[in-house]
J.: 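The following block contains the structure, expressed as structure tokens.
By convention in this document, chain letters (A, B, ...) are assigned in the order of the sequence lines, proteins followed by strands, and residues within each chain are numbered from 1. These values consider heavy atoms only, across backbone and side chains, with no hydrogens, waters or symmetry-generated copies.
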Amino acid sequence: MANTVIGNSIVIDGEIIGEEDLVIQGTVKGRVALKESLFIEPTAVVEADVDTQNVEISGQVTGNIVASNMVELKTQCRVVGDIKAPRIRIGDGASFKGNVDMDV
Amino acid sequence: MADTPCVIGETIQIRGNLSGSGDLVVRGRIEGFISLQDRLIIEESGSVMATVESRDVTVNGTVNGDIDAVDTVSLNSSATMIGDIRAPQIEIQDGARFRGRLAMDVPLPEGI
Amino acid sequence: MAELAQETVVGETIIITGDVQGDENLTVYGRIDGTIALSKHLTVAESGIVKAEVQVQAAIVSGIVVGNITATDYIEITVTGRLVGDIKAPRIIIARGARVNGMVDMGDLEAPRPTVTKTARPQLTPNAPSPAAAVFKPMSLPTPRPPPIPVSRMPTPVNTAPIMPIHTEIEDEIDIDDSLPIGSAMPAMSPETVARLSAKRLKKKVVVRKRP
């Protein structure tokens with residue numbers, strides 16, 4: 001389980017950099033760059049460019065996503081932006097608008 | 001309903017503005033501006049280079065910036081801080097390192 | 001004639017205006033306006049008022065201080081203390097509830113953190129070995145030093161009781177000269193001691209004697 005949890009009443013306007021898993025339940029505007037996995041939960045609102053190893057999205061994301069391993073759009077998520085990753089999974093019920101590039 | 005505390009892990013760095021309610025536990029690094037309605041707890045590995053506004057602040061790590069609290073600011077024995085503290089109650093434990101201003105209301109009797 | 005005091009006390013109704021200096025502790029229940037320079041401790045009691053520049057070894061403030069304090073050792077503002085002024089010392093302690101308005105300077109923050117001073121707790125030493133231990137020549141005598149934590153092996157308890165054969169009970173202390181080093185030949189026991197010890201062993205056996 002992730003060590004860092006951005007709770008759902010937290011608003012961060014800026015840049016998050018880290019070497020561990022991150023769970024976002026709140027609002028993040030700016031940029032997220034991780035060496036591990038990012039979990040964007042249903043209550044999250046992310047207006048940021050994302051650069052991580054894995055991303056699992058159940059919330060709302062507006063921004064470009066780059067992952068070195070996998071991006072998973074889970075049911076009920078809303079993603080607007082380009083995704084670039086070698087593996088992508090878009091679940092039933094996910095909303096997505098953007099380009100997909102799997103040729104990494 | 002109490003919010004579960006938000007924890008910023010040891011390898012996380014945040015540059016920017018952070019605001020919210022609920023407790024925030026910082027083990028990593030935050031630069032910029034923090035505005036909280038409840039408690040900010042900076043653990044020994046935590047480092048905050050920011051202006052802080054909060055209800056309570058407990059410092060075990062490093063702070064470089066001003067703290068403005070509604071209730072209490074505590075610098076525990078492993079704390080290091082440079083900056084000004086404005087709060088109705090301030091506690092500095094033996095071993096804490098601090099340089100800056102303490103701004104509290106100090107009621108004085110007449111004639112002083 | 002009052003005997004020489006160990007420290008100076010300024011009583012609650014006393015007001016001193018001027019420069020105070022000295023090489024002893026000073027406790028203020030009244031009021032001092034001016035300057036205070038001590039090579040020892042200044043204590044401002046709850047009723048005390050000091051409106052002065054203060055230079056001391058240590059200052060403990062439970063009352064009111066208006067002025068700057070410089071201490072070579074520490075400054076402590078207790079829960080009833082109120083300070084308006086700048087404080088400068090390598091160690092500063094401010095209790096929750098104290099009221100302080102001023103600059104705080106602990107000097108070089110890169111310098112090693114001063115060790116927290118509490119009244120030294122007496123070192124716990126295990127009981128001195130009993131005289132019986134000298135007789136039974138234990139494998140290792142307990143040492144008063146706490147054992148260092150071994151890094152690469154299971155910790156072995158150093159302070160073990162002397163290892164004693166299971167079947168023996170010590171019912172009587174033997175008069176042994178403790179100044180003799182362990183391993184030295186025991187002095188010959190007096191016949192009375194021998195008889196006493198032998199009698200103890202015999203107690204375990206049931207002796208049936210027919211009445212003549």
J.: Minimum heavy-atom separation for B/R97 and C/D108, please, with both atom names.
T.: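 Closest approach of B/R97 to C/D108, heavy atoms only: NH2-O, 3.1 Å.
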J.: Quick check on C/V100 against chain B: is it the side chain, the backbone, both or neither that has a heavy atom closer than 4.5 Å?
T.: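 Both parts, backbone and side chain.
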J.: Is there a donor-acceptor pair under 3.5 Å between the side chain of C/R91 and the backbone N or O of B/D94?
T.: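 The answer is no, because no donor-acceptor pair under 3.5 Å joins these two groups.
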J.: Is C/I87 close to chain B through its backbone or its side chain, or both, or neither, when contacts mean heavy atoms under 4.5 Å?
T.: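 For C/I87, there is no contact with chain B at all, as no heavy atom is under 4.5 Å.
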J.: Which pair of heavy atoms, one from C/V84 and one from B/L108, lies closest together, and at what distance?
T.: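 Minimum heavy-atom contact is CG2-CD1, 4.1 Å.
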J.: Please check if atom OH in C/Y29 has more than 12 non-hydrogen atoms from other residues, nucleotides or ligands closer than 6.0 Å.
T.: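 At most 12 heavy atoms, drawn from other residues, nucleotides or ligands, come within 6.0 Å of this atom.
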J.: Most heavy-atom pairs under 4.5 angstrom with chain C, which of B/S78, B/P88, B/S74?
T.: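 With the most close heavy-atom pairs to chain C, the winner is B/S78.
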J.: Can you measure from CE (B/M104) to CD1 (C/I94) and round to the nearest 0.5 angstrom?
T.: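 It comes to 6.0 Å.
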J.: Let's test your reading of the structure: which of B/A103, B/G100, B/P109, B/A96 forms the most heavy-atom pairs below 4.5 Å with chain C?
T.: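 Most pairs with chain C among the choices: B/G100.
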J.: For B/Q93, is it the side chain, the backbone, both or neither that has a heavy atom under 4.5 Å from a heavy atom of chain C?
T.: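 The answer is the backbone of B/Q93.
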J.: Looking at C/I92, C/D86, C/I77, which has the largest count of heavy-atom pairs under 4.5 Å with chain B?
T.: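 Winner by heavy-atom pair count: C/I92.
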J.: Do side-chain atoms of C/R96 reach the backbone of B/I90 as a donor and acceptor pair under 3.5 angstrom?
T.: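 Looks like no, no N/O pair under 3.5 Å.
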J.: Please name the pair of heavy atoms, one in C/L109 and one in B/F98, separated by the smallest distance, quoted to 0.1 Å.
T.: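 Reported closest heavy-atom pair: CD2-N, 3.9 Å.
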J.: Against chain B, label C/I64 side chain, backbone, both or neither, depending on which of its atoms sit under 4.5 Å from a heavy atom there.
T.: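 For C/I64, the side chain is the part near chain B, not the backbone.
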J.: Measuring from atom CZ of B/R99 to atom NZ of C/K88, what distance do you get when rounded to the nearest 0.5 angstrom?
T.: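 One gets 9.5 Å once the value is rounded to the nearest 0.5 Å.
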J.: Give a yes or no on whether B/R55 atom CZ has more than 12 heavy-atom contacts from other residues, nucleotides or ligands under 6.0 Å away.
T.: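 Atom CZ in B/R55 is crowded, with more than 12 foreign heavy atoms closer than 6.0 Å.
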J.: Using a strict 4.0 Å threshold on nitrogen-to-oxygen distance, state whether B/D105 and C/R99 make a salt bridge.
T.: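 A salt bridge is absent here (no side-chain N lies under 4.0 Å from a carboxylate O).
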